[in-house]
Amino acid sequence: MKLYDYPAGPNPRRVRIFLAEKGVEVPLEHVDIVKREQKMPDFLAKNPIGSIPVLELDDGTCISESVAICRYFEELHPEPPLFGRTPVEKAMIEMWLRRVELNFMVPIGMVWIHGHPLTARLIKQIPEAAEQNRKRVHMGYKLLDDQLSAHEFVAGDDYSVVDAILLASLDFANGLVGVPYDQDLTHLKRWHDTVSARPSASA
Ligand SMILES: N[C@@H](CCC(=O)N[C@@H](CS)C(=O)NCC(=O)O)C(=O)O
């Protein structure tokens, strides 16, 4: 088994954080997305979307999508449970996974694609799209801050896959994309400090 990875990419980092929380080590293979190696025919045969992470199993099966890869490892290594234990916990985690993806990561991706100089060569950028989505990112931050005012972690009172996914996405938004959250979102900041202090954050 190997995980196709790129150190600076937020989506492979999601999986590395998740694996660190599980205490599982998987060999990594570097795919240089700046050199567009993910769009080469060999790689497209593994993931026709041409993105990483991809987990390649020993029988050649390839699993892409960071959350799907995390789910696979949850089945292999159920402890500690990061996708919930009870029906309600599982549903809350699924709900927050979708909220983080749709209300936070999608707009961040749009700001990245339409507003960042590093992606300007890839598409014809629409500055208004970047601006609109910058607002949506801030709405996402507020949604998270409200949730974290009542819960220690995003999907409840236990650390879950949602925290791994959000940490990688939020660090990308705060760093490379340049859309930091307002420091007066104190609950989000408290959560960010807490999860950043876990050993898995350095994965
Ligand atoms: N929804 C996918 C997103 C994967 C993704 O966009 N990966 C980025 C790296 S962080 C990538 O490969 N970008 C290069 C490209 O799409 O060409 C996931 O969760 O794995």
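All residue numbers in this chain count up from 1 along the given sequence.
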Asp158 vs Arg85 side-chain heavy atoms within contact, under 4.5 Å: yes
Heavy-atom pair with the smallest gap, counting every atom of Lys22 and Pro80: NZ-O, 2.6 Å
Side-chain heavy atoms of Met1 within contact of Val26, under 4.5 Å: yes
Side-chain donor/acceptor of Ser196 to backbone N/O of His192, under 3.5 Å: yes
Hphob cluster co-occupancy, Ile17 + Leu76, side-chain heavy atoms under 4.5 angstrom: yes
Donor-acceptor list for residues 162-169 side chains, cut-off 3.5 Å, not counting sequence neighbours:
residue	atom	partner	partner atom	Å
Asp163	OD1	Val154	N	3.1
Asp163	OD1	Trp191	NE1	2.8
Asp163	OD2	Ser160	N	2.9
Ser169	OG	Arg14	NH2	3.3
Ser169	OG	Ile165	O	2.8

Selection residues 75-84 - residue pairs positive for side chain to side chain donor-acceptor pair (under 3.5 Å), sequence neighbours left out: none
Stepwise side chain to side chain contact (heavy atoms under 4.5 Å, CB included) test for Met139 and Lys142: CA-CA 5 Å; Met139 287 163 65; Lys142 178 73 172 73; 5.6 Å; no
Sequence neighbours excluded, every pair satisfying ring-ring contact (aromatic ring centres under 6.0 Å, His included) that has a member inside residues 13-53: Tyr4-Phe43, Tyr6-His30, Phe18-Phe83
Backbone N/O of Leu57 and side chain of Lys2: donor-acceptor pair under 3.5 Å: no
Pairing residues for His138 by the ring-ring contact (aromatic ring centres under 6.0 Å, His included) criterion, not counting sequence neighbours: Tyr141
His151 and His187, any side-chain heavy atoms less than 4.5 Å apart: no
Spacing of Asn133 atom CG and Ile108 atom CD1 [to the nearest 0.5 Å]: 10.0 Å
Contacts of Asp171 that satisfy salt bridge (charged side-chain N to carboxylate O under 4.0 Å, His left out) - sequence neighbours left out: Arg13
Inter- and intrachain pairs under side chain to side chain donor-acceptor pair (under 3.5 Å), touching residues 107-129, at least two apart: Thr119-Gln125
Summary of salt bridge (charged side-chain N to carboxylate O under 4.0 Å, His left out) pairs that have at least one residue in residues 190-200, sequence neighbours excluded: Glu21-Arg198, Lys189-Asp193
Connected via hydrophobic side-chain network under 4.5 Å: Ile69 and Val67: yes
Salt bridge (charged side-chain N to carboxylate O under 4.0 Å, His left out) contacts in which one or both residues fall within residues 53-73, not counting sequence neighbours: Lys46-Glu56, Arg71-Glu94
Distance (rounded to the nearest 0.5 Å) between Ser200 OG and Arg16 CZ: 11.5 Å
Connected via hydrophobic side-chain network under 4.5 Å: Leu143 and Leu185: yes
Set of residues satisfying salt bridge (charged side-chain N to carboxylate O under 4.0 Å, His left out) with respect to Lys135, sequence neighbours excluded: none
Same apolar cluster: Phe172 and Met110, side chain cutoff 4.5 Å: no
Student check: side-chain heavy atoms of Glu29 and Leu3 closer than 4.5 Å: no
Heavy-atom check, side chain of Leu97 versus side chain of Val161, under 4.5 Å: yes
Asp182: salt bridge (charged side-chain N to carboxylate O under 4.0 Å, His left out) partners, not counting sequence neighbours: none
Inter-residue atom distance Gln132.CD - Ile126.CD1, 0.5 Å rounding: 11.5 Å
Cluster overlap Leu144 with Ile93, hydrophobic side-chain contacts below 4.5 Å: yes
Phe153 and Gln147, any side-chain heavy atoms less than 4.5 Å apart: no
Nearest heavy-atom neighbours spanning Phe104 and Ala173: CZ-CB, 4.3 Å
Min side-chain heavy-atom separation Ile52-Asp5 under 4.5 Å: no
Whether Asp157 side chain and Glu152 backbone form a donor-acceptor pair below 3.5 Å: yes
Side chain proximity check, Pro10 to Met105, heavy atoms < 4.5 angstrom: yes
No-hydrogen, no-angle side-chain donor-acceptor test under 3.5 Å, Asp145 and Ser149: no
Pro81 to Gly84 - nearest heavy-atom pair and separation: CB-O, 4.2 Å
Salt bridge (charged side-chain N to carboxylate O under 4.0 Å, His left out) partners for Arg134, two or more places apart: Glu131
Solution key, residues 33-40 side-chain donor-acceptor pairs under 3.5 Å, sequence neighbours excluded:
residue	atom	partner	partner atom	Å
Glu37	OE1	Asp32	N	2.8
Lys39	NZ	Ile49	O	3.2
Lys39	NZ	Gly50	O	2.9

